[in-house]
Amino acid sequence: MTKEENEKRLAYLKSIVSRLPEKPGSYQYYDAEGTIIYVGKAKNLKARVSSYFHTEVDRFKTKVLVSKIHNISYTVVNTEEDALLLENSLIKKYNPRYNVLLKDGKTYPSICVTNEFYPRIFKTRTINKKWGTYYGPYSHIGSMYAVLDLIKDLYHPRTCRMPITKEGVETGKYRVCLDYHIKRCGGPCSAKQSYEDYKKNIEQAREILKGNTRKILREMRAEMQQLAEELRFEEAEEVKRKYIALEGFVTRSEVVSHTIDNVDVFSITSDEKIAYINFIHVSNGSINQSFTIEYKKKLSEPDEELLQLGIIELRERFKSTSKEIIVPKEVDMELDGVTFTIPQRGDKKTLLDLSIMNGKQYKFDRLKQAEKLNPEQKQTRLMKELQDKLHLPKLPYHIECFDNSNISGSDAVASCVVFKAMKPSKKDYKHFNIKTVVGPDDYASMKEVVHRRYSRLMEEEQPLPDLIVADGGKGQMEVIREVIQDELNLDIPIAGLAKNDKHRTNELLYGFPPLSVALKTDSELFHVLTQLQDEVHRFAITFHRDKRSKHALNSELDNIKGIGPKTRDELLNRLKSVRKIREADLTTLTEVIGQAKAKIIYEHFHQKQEDDKA
């Protein structure tokens, strides 16, 4: 590979990395032939994958791996544990060259409920569906033992491996073991516990393993209350302990489930122009395929029609022979021997939700890629989003925001920043010295500035903004409204950015009376609005600081008769501060500005010192 080809390869990979989501998931690296050479997991996909391409990576093996990568794919999940399970299943299926994990064929343990007359419940790493029903697998061994201990405490399933039969129980063939005497088993082998009671306990244990705990929790809560009313507090405390343990336990994994085998999952995410079809294949209880394709709409084709096309295309591409297809809605198609399922709950619904999440993530990534190539597309999207949120009559291309700054009313100033196409337009920023307000009155200062700003724009026939954003809550919005609508008779929409008790911006306000607009604080649009707010703060504070500095210099040097700006600047450039000028002797001053002016400066400060002493 030439140097130019390698640089092109790295640029392509880094462009993929830049679009990765900051979510948990599994990532896969492909070589030049399209073969998976490495499978990894991540709590944060973007952070983890980007670490491979840092220049400071010094591990030889990592450098070798990166040199072989020609493409990257990924699957997002909801939790880090699910990413671990997905990584495990993909490694076992593809056995990537650079993965050394799990070469001994071991897997995560599961819990088995056997098909025996009196079923047993135990952990196992071997899956044989002829023996019973399997739940898991469990990536956290502690969680698995916790649920096993919980089931043992609640239902006392037998632990012996004796092949108990109905006839053997009826003829008294078996004897109870030590577990019965220490109250860890009800003794079903000797009919000390009825078959019906034992089966009922096993069914409840199955519900716990499935994650269907609400009914059992309600029964436990009722039992706790009953025991407490009967003053049986020790027993109630024991039930409470089990209740808390059951409530805090999560048994199901949405990535792998041994109850699902050889199933295809399809979902569709679409907008006006493009539809994204996500495909997930589950085999032997594990996800081993995840892929998304897109269709560009030409005749406003309905989702149902595009979903049908996607099902045919992806099943043919991946040679799928699954006899069950999970879909989010009814599809008007028939495939030989195939059943279509629209799940409402359970493991299959969880898989469908995972497919939908991956389809939406793919759509988001494609949008980010397009916006990176064409930044104006992102700006238009954000303007359209803000227009929709506030129901504005037109796109808010031109936005202005105001802020005041003063210290106890002194050196009061204000600033106006301008955003055009959701980006700062610094050449249009404006500073204002407050002229008519005495003392620290923010509302009066805001009123003066807004009136001056838009009166002048009207006089000069300059374009008015599409939206005014008040750096504050309802009070600032009302002051701006009084000027814009009541005094100037203008029709400009006004919004506000309100802060919480911790002085952090947490909501967007709009309308009169102002109402909170539904907007996530971690969204791109909210970040742009807070950038607008931060920019107007910075601009106002900088202007105020500069004015205070000039005011301080003016009070010390500019009031000395016979000393002009040129002499002042020479002194400050050489001696750096007014304090050092005040403390300088006559010789030092003479070297800087000459004898005549040095004498004026020296006598001014020393005469002032004598006056202060007197």
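What you see below is based on every heavy atom in this structure, not just the backbone, and it leaves out hydrogens, waters and symmetry mates.
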| field | Derivation and outcome, side chain to side chain contact (heavy atoms under 4.5 Å, CB included), residues Arg125 and Ser110 | value | CA-CA 6 Å; Arg125 293 181 185 269; Ser110 298; over 6 Å; no
A quick test of your reading: do over 12 heavy atoms of other residues, nucleotides or ligands sit less than 6.0 Å from [atom1] of [X]?
| X | atom1 | value |
| --- | --- | --- |
| Arg184 | CZ | no |
| Arg221 | CZ | no |
| Lys68 | NZ | no |
| Asp332 | CG | no |

Heavy-atom side-chain proximity of [X] to [Y] below 4.5 angstrom:
| X | Y | value |
| --- | --- | --- |
| Asn262 | Ser322 | yes |
| Tyr27 | Lys41 | no |
| Ile36 | Leu90 | no |
| Leu45 | Pro24 | no |
| Cys401 | Val417 | yes |
| Lys363 | Thr292 | no |
| Tyr29 | Leu65 | yes |
| Pro109 | Thr124 | no |

Separation of [Y] [atom2] from [X] [atom1] (nearest 0.5 Å):
| X | Y | atom1 | atom2 | answer |
| --- | --- | --- | --- | --- |
| Leu515 | Leu508 | CG | CG | 11.0 Å |
| Gln28 | Leu86 | CD | CG | 7.0 Å |
| Leu351 | Asp264 | CG | CG | 11.5 Å |
| Ile208 | Tyr155 | CD1 | OH | 4.0 Å |
| Thr269 | Ile277 | OG1 | CD1 | 8.0 Å |
| Met422 | Leu532 | CE | CG | 9.0 Å |

Basic-acidic side-chain contact under 4.0 Å: [X], [Y]:
| X | Y | result |
| --- | --- | --- |
| Glu116 | Arg120 | yes |
| Arg206 | Glu203 | yes |
| Arg381 | Glu524 | yes |
| Lys8 | Glu4 | no |

Measure from the ring center of [X] to the ring center of [Y] and say whether it is less than 6.0 Å.
| X | Y | result |
| --- | --- | --- |
| Tyr30 | Tyr38 | no |
| Tyr362 | Phe364 | no |
| Phe291 | Phe279 | no |

| task | For Asp353, check side-chain hydrogen bond (donor to acceptor under 3.5 Å, both in side chains) against everything at least two apart and list the hits. | result |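 Asp353 satisfies side-chain hydrogen bond (donor to acceptor under 3.5 Å, both in side chains) with Lys349 once adjacent residues are dropped.
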How far apart are the closest heavy atoms of [X] and [Y], and which atoms are they?
| X | Y | answer |
| --- | --- | --- |
| Phe266 | Pro328 | O-CD, 3.1 Å |
| Ile111 | Leu209 | CD1-CD2, 3.8 Å |
| Tyr145 | Lys123 | OH-CE, 2.8 Å |
| Gly40 | Ser26 | O-OG, 3.0 Å |
| Gly337 | Lys323 | O-CD, 3.4 Å |
| Met357 | Val76 | CE-O, 3.6 Å |

Using only atom types and a distance under 3.5 Å, with no angle test, would you say the side chain of [X] pairs donor to acceptor with the backbone of [Y]?
| X | Y | value |
| --- | --- | --- |
| Ser267 | Ser355 | yes |
| Arg345 | Thr350 | no |
| Glu5 | Thr2 | yes |

| message | Quick one, Asp471 with His537, criterion side-chain hydrogen bond (donor to acceptor under 3.5 Å, both in side chains). Give me CA distance, side-chain angles, the key distance, then yes/no. | response | CA-CA 9 Å; Asp471 175 35; His537 279 310; 3.2 Å; yes
| Qualifying salt bridge (charged side-chain N to carboxylate O under 4.0 Å, His left out) pairs, either residue in residues 23-33, two or more places apart |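 Passing the test, one end in residues 23-33: no pairs.
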| field | Full working for side chain to side chain contact (heavy atoms under 4.5 Å, CB included) between Asn278 and Ile356 | value | CA-CA 7 Å; Asn278 177 261; Ile356 293 171; over 6 Å; no
| task | In sequence, state the C-alpha distance, the side-chain angles, and the governing distance for Lys389 and Glu385, and then conclude on salt bridge (charged side-chain N to carboxylate O under 4.0 Å, His left out). | result | CA-CA 6 Å; Lys389 289 287 185 183; Glu385 183 180 353; 5.2 Å; no
| said: Run Leu392 and Tyr510 through side chain to side chain contact (heavy atoms under 4.5 Å, CB included) and show every step you take. | reply: CA-CA 11 Å; Leu392 301 177; Tyr510 186 71; 3.5 Å; yes
| Do you know which of Ile311, Thr341, Val265, Ile268 makes side chain to side chain contact (heavy atoms under 4.5 Å, CB included) with Val327? |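 For Val327, the side chain to side chain contact (heavy atoms under 4.5 Å, CB included) check succeeds only for Ile311.
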| Check against side chain to side chain contact (heavy atoms under 4.5 Å, CB included), Leu390 and Val517 | CA-CA 8 Å; Leu390 304 183; Val517 178; 3.7 Å; yes
